[in-house]
Amino acid sequence: MKTYYLKIRDKFISSVQQGIKKHEYRLASPERMQIKVGDTLVLISNQDKKKFIRTTVKKVKVYSNWKEALEENWKQDFHNIFPSLDAALKECYKFYPKDEVDIYGIVSFEITPLIVDYCKASVLLDTNIIIKRESGNNVSFEVSKLFNWFDRKLVKKYIHQISLQELSTYGNEKAKEVILTKMGSYETLPKFAVETDDYFESVVSQYAQDQNGLNDNALLREVYNGNIEILLTDDSLMLRKAKELYIRDLVVTSAELLSYFETDYPQNLEYKMLAVKLKEFADVKLNDPFFDSLREDYEGKKFDDWFKRKGKEKAYVFEDSDGLKGFLYLKVEDESENYSDIDPILAPKKRLKVGTFKIDSTGFRLGERFLKIIFDNAINCKAEEIYVTLFEDKRDNVRALKCLMEQWGFQKHGYKKSNGELVLVKTMTQYIVNKDPKFNFPIIKDNSRPFFLPIYPQYHTDLFPDMILKNEEMHLYEENLAHRYAIEKIYLSGAFNVKAKSGDVVLIYRVGDRYPKKYSSVVTGIAIIEEIYKTKSVNECIEICKNRSIFSETAIRKLYDKYPTVIKLLDYIPFKTKVTLDKLQQYNIIAQATGPRPFETLSKENFETIYKLGMEE
């Protein structure tokens, strides 16, 4: 297999990356006809050589002219670029002289992007990584954590014969002895036939050709030729060479790979507000009667043994003066997970498994709080689905939990063959159009429109505790009130002729309580509109609000004449960085000397700007 480098118009890079443009067209000259199925095409922007996409050739087909070449696939390959085949042909005729096309024809390469799956890729370890890992007291923290990930993800690790030779001449005799004794635990990369490549040689020949340089080139050649999927190195010179060879995504540092694992498989999210806390299993009282029903379901001692094995892992726990009332354990699973015990079997996907989930009645909406935590973690780890298994008919609290989860989009998939547990699955990738926003939460529908929703400061954090400002007092919101724990939030508004509809989104705007207000007024997060009710009586308003509103029945009766519109919201996401009114004015989203009005609409572009500002650390 060989690698070829082709220039491509900059605008086509992203469409190839997204899998929209699936064919690359060239003059079928003798030079281009050397390209075969399985070869690599590196497509480099003709405007910026740092911008590129590596692809593999799946099929090669030759046509006598441009029209024949484009007829079948032009609509997909040039999606939203050319309005017609004639327009596409007019552009393509500019590329090569007609007489050359008449002689050679046009060749079409069916291509697909080469995307690295770091979790499944085998890794070649550079000598400097081995030294950092095995040199006794000088072990790198990053490398040590990375090797823990390798073990968890069953990543295959290789060393090169050249690395063994380098280690045998390592200057620190004591460290060398320690390192060499551990080399038996590594696999040595098989010796492949050396393939010469003019481009590779032209790049590496610009650097020093001493022994270290030649050794580095040998390792780079292995990944360049596809003999190994990833080369792990912290050597800056090797990284520079890899960049020029257009394999920088295949040659990674320990910090980069560790960051990938921790981003794609993040630790459970922690919450500052409310009484659900993230704790290590070892810090939870296993002898609490709360766990008795779980022991009954999972063979007593087997449950205890499983719990103790989890030791340093973490779970979400709610407890009050009487003991435990809620427990939630989450596990991220990738496409290699074995689902043979589930009937019908689950297709390979990245999933968040709700491993252990139990809540006792508390008088407030603890179940919704735990569901919000599940959804937040699913978003954080980019899960395509969430699933849970439970004994559906054993006891009332499990039936209630099943009913709650079904309201929030979990659907029956099947059963576990080993013990008969029901399997419920929720999609995180597709909005189901015939279902309401609650069922689809936290997915937002494609055609949703964004609006502002100003909220007075005395109500804001009581309703949205996770959106608390840094300078607010947390202890003011420690009391366990139902509206704080609920995902569904209710707010009263005096707005009339509201254009927002169910499924639209609102930016929660906390009105400033000190001057200058352009700094104390901030956008704190996003909510989804579940429903808007224009109530006809105060009793109807009270019935809708119940214990999801920050307003008491007495307060509603006082406010009703001025604020009869009930806004039912789903608490979607708090911003990491609050976006001030000053910032909104700087970006010309809000006019100077004004502030957002209730249900004032904003463009998609302005919404995306605010979202980007809000999600920056």
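Tyr25 and Asp77 share a side-chain donor-acceptor pair at under 3.5 Å. Checked by atom type, the side-chain pair Lys331/Tyr329 shows no donor-acceptor distance below 3.5 Å. Ser340 and Asn338 form a side-chain donor-acceptor contact under 3.5 Å, judged by distance and modelled atom types alone. If you check the side chains of Tyr63 and Glu71, you find no donor sitting under 3.5 Å from an acceptor. Between the side chains of Asn212 and Asp210, no donor N or O sits under 3.5 Å from an acceptor N or O.
The backbone N or O of Ile590 lies less than 3.5 Å from no partner atom in the side chain of Gln585, so there is not a single donor-acceptor pair. In this structure, Lys426 contributes its side chain and Phe441 its backbone to a donor-acceptor pair below 3.5 Å. Judged purely by atom type and a 3.5 angstrom limit, Asn65 uses its side chain to pair as donor or acceptor with the backbone of Lys67. Gln206 contributes a side-chain N or O that, together with a main-chain N or O of Ser202, makes up a donor-acceptor pair within less than 3.5 Å. Judged by distance alone, with hydrogens and angles left aside, the side-chain atoms of Lys22 form no donor-acceptor pair with the main-chain N or O of Gln76 at under 3.5 Å. Although no hydrogens or angles enter the test, the distance criterion places no donor-acceptor pair under 3.5 Å between the side chain of Asp10 and the main chain of Ser45. Formation of a donor-acceptor pair under 3.5 Å by the Ser254 side chain with backbone atoms of Val143 is not found in this model. Under the 3.5 Å distance criterion, the side-chain polar atoms of Gln209 are matched with a main-chain donor or acceptor of Val204. Remark: the backbone N or O of Leu27 is paired with a side-chain donor or acceptor of Tyr96 at under 3.5 angstrom.
Taking CG of Asp446 as the reference point, atom OH of Tyr431 lies at 9.5 Å (rounded to 0.5 Å). Rounding to the nearest 0.5 angstrom, the gap separating the CD atom in Gln47 from the NZ atom in Lys7 is 11.0 Å. Rounded to the nearest 0.5 angstrom, Thr55 OG1 and Leu43 CG are separated by 4.5 Å. Atom CD of residue Glu91 and atom CH2 of residue Trp74 lie 13.5 Å apart, to the nearest 0.5 angstrom. Here CD1 of Ile443 is found 13.5 Å from NZ of Lys435. Values are rounded to the nearest 0.5 Å. For the atom pair OG of Ser14 and NZ of Lys51, the computed distance is 6.5 Å after rounding to the nearest 0.5 Å.
We find that Asp504 and Arg449 are joined by a salt bridge, their nearest charged nitrogen and carboxylate oxygen being less than 4.0 Å apart. Ion pairing between Lys98 and Asp102 holds under the 4.0 Å rule for side-chain N and carboxylate O.
Between Leu189 and His160, the shortest heavy-atom distance links the atoms CD2-CD2, 4.1 Å. Of all heavy-atom pairs between Asn377 and Ile373, the closest is ND2-O, 2.8 Å. Between Thr3 and Val42 the shortest heavy-atom distance is CG2-CG2, 3.7 Å. When all heavy atoms of Leu250 and Arg54 are compared, the pair lying nearest together is CD2-NH2, 3.1 Å. Closest approach of Asp234 to Asn128, counting heavy atoms only: N-OD1, 3.2 Å. Between Ile444 and Gly503, the closest heavy-atom pair is CG2-O, 4.4 Å.
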Please evaluate residues Lys156 and Tyr158 with respect to the criterion side chain to side chain donor-acceptor pair (under 3.5 Å), reporting the C-alpha separation (whole Å), side-chain torsions for both, the decisive distance (0.1 Å), and the verdict. CA-CA 7 Å; Lys156 295 195 75 173; Tyr158 291 92; 3.3 Å; yes
Given the rule in the salt bridge (Lys or Arg N to Asp or Glu O under 4.0 Å) test, do Lys372 and Asp376 qualify, once you have shown the distances and angles that lead to the verdict? CA-CA 6 Å; Lys372 182 66 165 60; Asp376 286 350; 3.0 Å; yes
Could you go step by step and tell me if Leu164 and Tyr186 meet the side chain to side chain contact (heavy atoms under 4.5 Å, CB included) rule? CA-CA 11 Å; Leu164 292 174; Tyr186 294 92; over 6 Å; no
Is there a side chain to side chain donor-acceptor pair (under 3.5 Å) between Ser336 and Asp334 once you walk through the steps? CA-CA 6 Å; Ser336 63; Asp334 64 20; 2.6 Å; yes
Yes or no on salt bridge (Lys or Arg N to Asp or Glu O under 4.0 Å) for Lys49 and Glu244, after CA distance, side-chain angles and deciding distance? CA-CA 10 Å; Lys49 69 176 185 178; Glu244 294 184 33; over 6 Å; no
Does the pair Arg248 and Glu256 meet the rule for a salt bridge (Lys or Arg N to Asp or Glu O under 4.0 Å), with working shown? CA-CA 11 Å; Arg248 183 60 178 82; Glu256 288 168 343; 2.7 Å; yes
Start with the C-alpha gap between Leu602 and Ile610, add the side-chain angles, then the distance that decides, and say whether side chain to side chain contact (heavy atoms under 4.5 Å, CB included) holds. CA-CA 10 Å; Leu602 64 162; Ile610 297 171; 3.7 Å; yes
Step by step, work out the salt bridge (Lys or Arg N to Asp or Glu O under 4.0 Å) result for Glu333 and Arg351. CA-CA 5 Å; Glu333 297 178 345; Arg351 290 185 173 85; over 6 Å; no
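The ring of Phe12 has its center closer than 6.0 angstrom to the ring center of Phe78.
A heavy-atom distance below 4.5 Å is found between the side chains of Tyr4 and Leu41. Taking 4.5 Å as the limit, some side-chain heavy atom of Val354 sits within range of a side-chain heavy atom of Leu330. At a threshold of 4.5 Å between non-hydrogen side-chain atoms, the residues Met615 and Ile573 count as touching. Side-chain atoms of Leu220 and Phe200, non-hydrogen and from C-beta on, do get closer than 4.5 Å to each other. At a threshold of 4.5 Å between non-hydrogen side-chain atoms, the residues Phe607 and Ile526 count as touching. Annotation: side chain of Val57 is not in contact with side chain of Lys36 (no heavy-atom distance under 4.5 Å). Between Val123 and Tyr118, every side-chain heavy-atom pair lies at or beyond the 4.5 Å cut-off. Inter-residue side-chain proximity for Val505 and Tyr611 is flagged as unmet; no heavy-atom pair is nearer than 4.5 Å.
When each of Glu337, Glu384, Glu385 is paired with Lys349, the side chain to side chain donor-acceptor pair (under 3.5 Å) condition holds for Glu385 and for no other. Paired with Ser122 under the rule side-chain contact (heavy atoms from CB on, under 4.5 Å), one option of Ile228, Ile230, Val155, Asn227 passes, and it is Ile228.
For NZ of Lys191, the number of neighbouring non-hydrogen atoms (other residues, nucleotides, ligands) closer than 6.0 Å is 12 at most. When the shell of 6.0 Å around NZ of Lys58 is examined, it contains 12 or fewer heavy atoms from other residues, nucleotides or ligands. Other residues, nucleotides and ligands contribute more than 12 heavy atoms inside 6.0 Å of the CZ atom of Phe82. The local environment of CD in Glu72 is sparse, with at most 12 non-hydrogen atoms from other residues, nucleotides or ligands closer than 6.0 Å. In this structure, Lys243 places its NZ atom where only 12 or fewer heavy-atom neighbours from other residues, nucleotides or ligands lie under 6.0 Å away.
Geometrically, Arg240 does not engage Tyr207 in a cation-pi contact, judged by NZ or CZ lying under 6.0 Å from the ring centre and within 45° of the ring axis.
Taking the six-membered ring where tryptophan is involved, the planes of Tyr5 and Tyr199 are tilted, since the angle between them lies from 30° to 60°.
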